[in-house]
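All heavy atoms count here, side chains included; hydrogens, waters and symmetry mates do not. Chain letters run A, B, ... following the sequence lines, proteins first and then strands; every chain starts at 1.
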2 protein chains.
Amino acid sequence: MAAALRLLDDHGLADLSMRRVAGELGLQPSALYHHVSNKQQLLGLVSDALLERAFHPGPATTWDTRLVAVAAALRDALLAFRDGAELVASTIAFGLGGRAPYDALVSALDGSDVSAGQRPTAARTVLHYVLGQTLQEQTRLQADSLGALPTGVSGPAVEESDFLDGLAMVVDGVRVRAAAGSRVDEGA
Amino acid sequence: MAAALRLLDDHGLADLSMRRVAGELGLQPSALYHHVSNKQQLLGLVSDALLERAFHPGPATTWDTRLVAVAAALRDALLAFRDGAELVASTIAFGLGGRAPYDALVSALDGSDVSAGQRPTAARTVLHYVLGQTLQEQTRLQADSLGALPTGVSGPAVEESDFLDGLAMVVDGVRVRAAAGSRVDEGA
DNA sequence: ACCTGAACACCGTTCAAGT
DNA sequence: ACCTGAACACCGTTCAAGT
């Protein structure tokens, strides 16, 4: 995992091949198949290793600040490694890793008025937002670092506020459900 | 494009290689490089061709029903081709195609109280939700079609209601912004 | 303008064989 | 249990050469 993460961060996801990982370890490619049954599974393990090292949401008191904190921590983790968003998004989509972020989002809703039935929906929605937005961000950042000069010396991190704006919208959507839940309670 | 879409739908994205597309046309692989500068560009064109054939949102009167209609039409388009969600999501993420859905979402907000500055954010948020959710849905559908027996004869399209539930949450988030916009107007 | 033929530098995966 | 060596069936891309 250490070798794979080093390879990922130094050369990108495209170079994270079975042959290169094996080479990094001084092994033949076929040796990896004694520890993993195919490349997708290895990528799932690398994705989990990345999250273990970089995904550390801090504590927060209310459910909505917790949701924002988990989302921001996930974005930070994905941006901490080259192609991190692409790797984690794809392993999550194919269900071979990256369950920690989803679980953290569901836990963030503990003590909220969002009904138990709606929490998976809320968690998935926030997760899709963070993955999609961060993937696009990271792709653009890497395109810029290869592309033309920084024509506008464009200033720092225009993207972070974009991220937080969209995130606030999603959280507002969840809040509407929380309000509906508490109204039902009050009505009962 | 017709050959590529046939290949995609019959054999999946993994088999949509330059060599297979060329073979389908009775050409050498190198011949494709006279029409396209690399594989990513070709995938962008295939993605746009897919959307042209399958993405047809119907008309709707209010901005929020329009948003839902565009989102549902996009989901339908992605599900209409094998690996459609994966193809379109990746070309959109890398900025090589699939601009039509984003544009349609922005247009859907015409006449809403969402401010001009917030419309791109709202459109991106809905777009990320649809792509992420549909990718996960399609992946699971295809895993099921290969995997074990339908143990529960599980009933039709549990996923569609999941999709609509999450979509409603996102649209609620946008609605909060629309309400904020109209309140500003009333206040002035 | 459009295509062929051949080559370069890679892939993931399998499998017999070794220790 | 863990690994090597060799092979199979592929990749994307380049480039001289043809018409």
| query | Could you spell out the base pairing of DNA chain D in dot-bracket, with Watson-Crick or G-U pairs whose two distances are under 3.5 Å, [ ] crossing and | to another strand? | reply | ||.|||||...|||||.||
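Contact check for A/Met1 versus A/Val46: side-chain heavy atoms found under the 4.5 Å cut-off. Between B/Asp113 and B/Arg177 there is no side-chain heavy-atom pair separated by less than 4.5 Å.
A donor atom on one side chain and an acceptor atom on the other are not found under 3.5 Å apart for B/Asp162 and B/Gln133.
Spacing of P atoms, C/dC10 relative to D/dA9, comes out at 22 Å, to the nearest Å. Taking atom C1' in both C/dC11 and D/dC8, one finds a spacing of 12 Å when rounded to whole Å.
Of all the heavy atoms in A/Ala77 and A/Leu50, the pair that sits closest is O-CD2, 3.7 Å.
Bracketed by its first and final contacts, the part of DNA chain C lying under 4.0 Å from non-hydrogen atoms of chain B reaches from C/dA1 to C/dA7 in 5' to 3' order.
Between B/Asp172 and A/Arg175 there is no salt bridge, since no side-chain nitrogen of the basic residue lies less than 4.0 Å from a carboxylate oxygen of the acidic one. With respect to A/Arg20 and A/Asp15, a salt bridge is recorded, a charged nitrogen being found less than 4.0 Å from a carboxylate O.
Non-hydrogen atoms lying under 4.0 Å from DNA chain D are contributed by B/Ser17, B/Met18, B/Arg19, B/Arg20, all within residues 15-22 of chain B.
Counting non-hydrogen atoms of neighbouring residues, nucleotides and ligands closer than 6.0 angstrom, the CD atom of A/Glu24 exceeds 12 such neighbours.
Under a 3.5 Å cut-off, the side chain of B/Thr125 and the backbone N or O of B/Thr121 do form a donor-acceptor pair.
A cation-pi arrangement, defined by a distance under 6.0 Å to the six-membered ring centre and an angle within 45 degrees of its axis, is present between A/Arg75 and A/Phe163.
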